[in-house]
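Bear in mind that the values here come from a model prediction, so they are computed numbers and not experimental data. In the text below, chain A, chain B and the rest are named by the order of the sequence lines, each starting its count at 1.
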Amino acid sequence: MEPNYSSLVSSELFDWRPAASYVLSAAVGAFFEEYSKQLNAAQAEAVAATEGPLLILAGAGSGKTRVLTARIAHLVLDHGVPLSRILAMTFSNKAAREMHDRVKSLLQDDSTIRYPWISTFHSVCVRLLRQYGGRVGLETGFAIYDSSDQMALVKDAFELLKISDKTYHPKAVHAQISSWKNDGKFPAQVASSSRASHFVETASKIYVAYQAELLKAQAVDFDDLLLYGHQLLNEHLDVREYFQDLWKYVLVDEFQDTNRIQYMLLKQLIGPHQNIAVVGDDDQSIYGWRGAKIENILNFDREYPACRVVKLEQNYRSTANILKAAAAVIGKNEVRHEKTLWTDSDAGRKIRVVGLPDDRAEAKYIVTQIHKALGEGVAASEIAVLYRVNSVSRVFEEECLRQRLPYKIVGGFRFYERKEIKDIIAYLRLVMNPHDIIAFRRSINTPTRGVGKVSVDKLEALAAVQKKPLAEVLKEGTMQLSGKGRIGVTQYAEVYAEGRKLFLEGDSLVDLFVHFMDKSGYVADLKNDPSFEAREREENLQELLAAVQEFEEQWQAPEEVVGVEGIKIDTSGVQRKLFDFLERVALVADTDQLDQKSKEQVTFMTLHASKGLEFQTCFIAALEEGIFPSMRAMDSGDGVEEERRLCYVGITRAKEHLILTRADSRRTFGSINMQMPSRFLRDLPAQVLEMVEEAKPSYPNYASGGGGASSWGNGYYARKPKPGPIPAYEDESQDLYSEDVDSEFKRGDKVKHPSFGDGVVKKVEHLGSDECLTIEFRVKGKKKVLSQFVQAVE
DNA sequence: TCACTGGGGATTTTT
DNA sequence: TCCCCAGTGA
C-alpha cells in the first residue's frame, strides 16, 4: 500500500513571495522515513543531503532519476519547501518530462498544474528572457530560430560581407560560432583575439554580422538563449538576486553534458546558500562534439571544496555479464572518475557477438531474431536496435517491411521540420514578431504568388530605410512594385493584417491558425495538387491543427513570477498562447509527443538517442571500424574515448540480453566496402561472450586480401571492390526468402497504386505464403520506393 | 519566377 | 545511393 503523504504538504506548492516571508517548517521526515526503505545507503544519503553542494556520481542504471525525484519530494514534503523554490534543470525535454511526472506522482498531486521549474536549461532561459529580455535588447515577442533558420542567416551574413561561401562552408562557420557561444563568447570577445587563423578571422567577422542580423530580426538561436540568460543575470544584480533568492535548491541532471555557458549560467543561479546538487556520469559524456565539457564534472569537487560526493555504484538494470562487458570497454579510457558498477543479479545470458557477410544479412539476422524473441514472449517495446549512424537504419527499415515487423525509427525527421508545417508556422511567427526576416521570406511567396527576389529585396530595403519592422512596410511597399509582385504583395499584406488583428484582439489560437491556412491559399493550393505528397501534407496540416487545438485546450496561463519588474506579459488572450506554442515548436519539437502509441513497436535508434532508456533485449549493429568508432573520431586523438563512452552507453541499455553484430561488407554511399570488426569487440572479455560467426567470404569477386586502393584515409579497413559485376540480390532473393510460390508478378511489371499512380515492380520476394513486392513509383518526378505485401493468390 | 539538371558531399544533434 | 544546391533555360 502506498502511504498517503498529501497531508504532509505543509505549504502551498507555489509561493512567489520573497524568501524572508516564508519559514521552513521543521523537518517532518515522514516521507523520507517511508521512502528510504526502498533505497540503498548511497541513494538515501543523496536524498537526505539537502544542504550545500553535492555531487552525485551515478553509474548507468543506478537509480539516478529515482534519487533526484525523491530528493525533490523530500524537500517539499519533509522540509515544507514550496516547489517554486526548487529549480531542476535537464538537457532534454524527455528527461524533464520524466522527472516532472515522477515528482508529481511522488507528491500524489493529480491536478493538471505544470511545475514551471522542472525544465530544460533552454526553457528556463526563455522564461527569464520573455520577462527580462528588455535588459539585454530583446523584445517580449522575440523569435527562436531553429538550425535551418540559423543557417539561412549565416548565409545572409556571407552575402552581406561579400564573402564567397566557397571560401568556407557556412556549416563550418556556423559550428564555429556555436562553439564560441557555447564558450560564453560574444562577437566582441572573439574579435579581440590576435594571431587568429584565416578561418577564425573570417568566422569572427561573420559572427559579428550574424549576431547583428539576429538582433535586427529580434530573434535568438538556441545558444543565444543561454548566452543572453547568462548576460542578464551577470549584468543585472537585481534580477540575479531575485532568482538566487527564489531558488533555494538547484538540481542539475546529466551534468557531464554541460558546456561552459551552461556552467557559467548555473553559477549565477546558485545563491549564497550553495544548495546545488548535480548528478552525472562522466562515463556517459557523449556530447563533447557539441561543446560539453567533461571537466565540469571531473573538477566539480575541486570547485566546491565543501562538496559532498556520493557514488551510486549499484546497478539495478543489467545482468552481471552485461556489466562486465561494459566495464571492460570503458576501463580502457584514461580520463575518468574511478568507479565500479556492481550488481546483485546473476551472470545471465552470454553476450552474443555475430559476424555476418553483409549489411543485408545483418538486417535479416536481427529482424529474424526479433521475431524469435517476440515469439518467446518478449514485448516489442522491450526490444531496441541501436547503431552509430542513422544511415544504417534504411536497410533495417526495408527488412522490417519485408518481415512485417512493427517498428519505430526514432530521430531523423521531426514533425515540426516538415516543409508544410514550417510554411504555416512562418506566418504565425511573423504575426508574433514583425521583425522576423526569415519567417517573412519563407511566407511571402508560399504558396507562390509571383513575389520573387527582386520584390523581396525592395521590401527589405524599404524596411531598413524607414527603420520599421518588415511586416509593417508591406502596404507602402506595394506602391513601389509593379506587375505580378505588386498583386502578390497586396494579397499577402491583407492576409497578414487580418491575422495580426486576430493576434492582437482575438482569443482563439485555432482561429489564428485556420485563418492563415485558409486565407493564405496554402490549403487550397494543396487541394489542387493531385499528387500523393500533397495528400500527405494536407494530413500533416490537419495533424498540426489538432495539435494546436489540444494545446489550446490544455493551456493554462503560467504561474507568473512576480519579479523585480512585476508581471510584464499579458497572460490573457491569444498572445501568450502563441508565445508558448511557438516556444514548444522551437524547443520541444519532437514527434513522439504527438503519438505515444509505440507500445507494440520495436525501436530503432542511434546510440545517442538511446541514452537514459533501457530495454530487455538490445542489439547494437554495425560494430565496424570507421562506423563505430566513426572515421572522424579515429582521426582525432581523444575522439575514440568519446566513442568508447558511447559504446558503454549502448551496452548498459540492455537489461538481460545483448546482441552485437557486424558485417564483413557494407554498402555506404553507393559503393560496397569491406569492413573490419570494431576495436570495441576486441575489448570484450571472452568469458562473457558467445561467438556466432556467420561471416564467410560470400562474394568471390571481392578481393579479400589485397584489392583496390582505398579512397579513405588509412586504407586498412576499407577496400574498394575489384571491378566486376556486383552480385545482384534479386538473384539471391529466392534463396534468402525461400518458399517458392508462384508469383502473379515479376520484375518489370507495370502496376497501379491507388495513391501513387503508375509504378514498376523492382523486386519480388516471398516469405511464407506471402509475397512482398518492392515497387518504384515516380511521383512528381521524385522516386518513391514502396515495399508492400500481397497475399499470394492460390 | 520556376522547373529541370548535374555536381558534390555525405556523423552523432538533448536545445 | 541519395539528397541538396547552384546554375541554366523557358
Side-chain angles (χ1 to χ4, degrees), chain A residues 89-98 119-126 144-148 150-151 155 164-166 169-171 175 178 181-182 220-227 229 253-254 256-259 261-262 284-292 386-392 394-395 410-412 414 416-417 445 448-456 483-485 488 583-590 605-612 622 626-636 639 642-643 645-646 649-650 666-672 712 780-785:
Chain A
M89 287 192 290
T90 66
F91 287 83
S92 66
N93 296 298
K94 198 167 70 181
R97 205 184 320 142
E98 194 188 343
S119 186
T120 63
F121 269 95
H122 294 261
S123 290
V124 167
C125 287
V126 172
I144 303 166
Y145 277 4
D146 70 12
S147 24
S148 63
Q150 293 166 30
M151 277 311 296
K155 283 179 189 161
S164 159
D165 55 10
K166 298 255 154 48
H169 281 281
K171 255 193 188 158
S178 175
K181 288 185 172 183
N182 284 158
V220 299
D221 61 24
F222 295 139
D223 306 319
D224 279 343
L225 288 171
L226 306 169
L227 203 58
D253 191 15
E254 305 280 14
Q256 75 279 359
D257 290 331
T258 38
N259 56 35
I261 185 70
Q262 282 164 326
Q284 292 187 66
S285 165
I286 54 174
Y287 285 100
W289 51 276
R290 282 195 84 259
L386 313 178
Y387 35 78
R388 178 62 236 262
V389 284
N390 273 314
S391 59
V392 309
R394 257 198 45 225
V395 62
V410 175
R414 293 173 167 193
Y416 290 108
E417 276 172 14
N445 201 32
T448 50
R449 35 174 95 85
V451 186
K453 194 171 184 310
V454 183
S455 310
V456 171
K484 269 197 289 187
E583 176 191 330
R584 199 171 104 163
V585 168
L587 259 35
V588 192
D590 65 58
M605 64 187 143
T606 62
L607 287 148
H608 281 90
S610 75
K611 196 165 84 165
I627 290 187
F628 191 27
S630 76
M631 195 76 57
R632 288 254 268 258
M634 287 161 62
D635 291 342
S636 73
E642 182 152 315
E643 298 284 300
R645 291 194 290 269
L646 190 56
V649 168
R666 178 175 302 277
R667 234 192 155 81
T668 36
F669 304 148
S671 62
I672 294 174
W712 313 352
K780 270 187 118 181
K782 280 198 173 156
K783 204 160 58 173
K784 181 116 197 161
V785 178

For this session: For A:E254 and A:T90, indicate whether the former's side chain and the latter's backbone hold a donor-acceptor pair under 3.5 Å.
Result: no

Exercise. To the nearest Å, how far apart are A:H169 NE2 and B:dG8 P?
Worked result: 12 Å

Exercise. Starting at the 5' end of DNA chain B and moving along, which residue's nearest nucleotide shows up first, A:A609 or A:R449?
Worked result: A:R449

Exercise. Which nucleotide sits closest to the side chain of A:N390: B:dT13, B:dT11, B:dT14?
Worked result: B:dT13

For this session: Round to a whole Å and report the spacing from CG of A:D253 to P of B:dT15.
Result: 13 Å

For this session: Before giving the answer on side chain to side chain contact (heavy atoms under 4.5 Å, CB included), spell out for A:E98 and A:D253 the whole-Å C-alpha distance, their side-chain angles and the decisive distance to 0.1 Å.
Result: CA-CA 12 Å; A:E98 194 188 343; A:D253 191 15; over 6 Å; no

Exercise. What nucleotide, of B:dT14, B:dT1, B:dT11, holds the atom closest to the side chain of A:E643?
Worked result: B:dT11

Exercise. Can you check the A:K484 NZ to B:dC2 C1' distance for me, whole Å?
Worked result: 9 Å

Problem set entry | Euclidean distance, atom CG of residue A:L226 to atom C1' of B:dT14 [Å, nearest integer] | 12 Å

Exercise. Closest to the A:N445 side chain: B:dC2, B:dT13, B:dT14?
Worked result: B:dC2

Problem set entry | Rounded interatomic separation in angstrom, taking CE from A:M151 and P from C:dC3 | 19 Å

For this session: Please determine, for the side chain of A:D257, which listed nucleotide (C:dC5, B:dT14, B:dT15) has the closest atom?
Result: B:dT14

Exercise. Is the side chain of A:N93 donor-acceptor paired with the backbone N or O of A:L587 at a distance under 3.5 Å, no angle test?
Worked result: yes

Exercise. Side-chain donor or acceptor of A:R632 under 3.5 Å from a matching atom on the base of B:dT12?
Worked result: no

For this session: Could you check A:L607 against A:I286 for side chain to side chain contact (heavy atoms under 4.5 Å, CB included), going step by step and ending with a plain yes or no?
Result: CA-CA 10 Å; A:L607 287 148; A:I286 54 174; over 6 Å; no

Exercise. Where the side chain of A:H608 is defined as all heavy atoms beyond and including C-beta, which of B:dT12, B:dT15, C:dC2 is the nearest nucleotide?
Worked result: B:dT12

Seminar exercise, completed: Checking B:dT13, B:dT11, B:dT1 against the side chain of A:K453 (C-beta onward), the nearest is B:dT1

Exercise. Where the side chain of A:D221 meets the backbone of A:I144, is there a donor-acceptor pair that is under 3.5 Å apart?
Worked result: no

Problem set entry | Nearest listed nucleotide, side chain of A:Y287, among B:dT15, C:dC2, B:dT14 | B:dT14

Problem set entry | A:S630 side chain, from C-beta outward: closest of B:dT14, C:dC5, B:dT11 | B:dT11

Exercise. Could you state the CZ-P distance from A:R290 to B:dT14, rounded to the nearest angstrom?
Worked result: 8 Å

Problem set entry | A:S455 side-chain proximity, nearest of B:dT1, B:dT13, B:dC2 | B:dT1

Problem set entry | Shortest non-hydrogen contact from A:A622 toward A:I627 | O-CG2, 3.7 Å

Exercise. A:K94 NZ to B:dT14 C1': how many Å, rounded?
Worked result: 8 Å

Exercise. A:F669 on top of B:dA10's base, within under 5.5 Å and under 30°?
Worked result: yes

Seminar exercise, completed: Of B:dT1, B:dT14, B:dT12, the nucleotide closest to the side chain of A:F91 is B:dT14

Seminar exercise, completed: A:L607 CG to B:dT14 P, in whole Å, measures 14 Å

For this session: Report which part of the nucleic acid A:S147 touches: base, sugar-phosphate, or nothing (heavy-atom distance under 4.0 Å, all strands).
Result: nothing

Problem set entry | Phosphate OP1/OP2 of B:dT11: any A:T606 side-chain N/O under 4.0 Å | no

Exercise. Would you say A:N259 reaches B:dT14's phosphate, i.e. side-chain N/O to OP1/OP2 under 4.0 Å?
Worked result: no

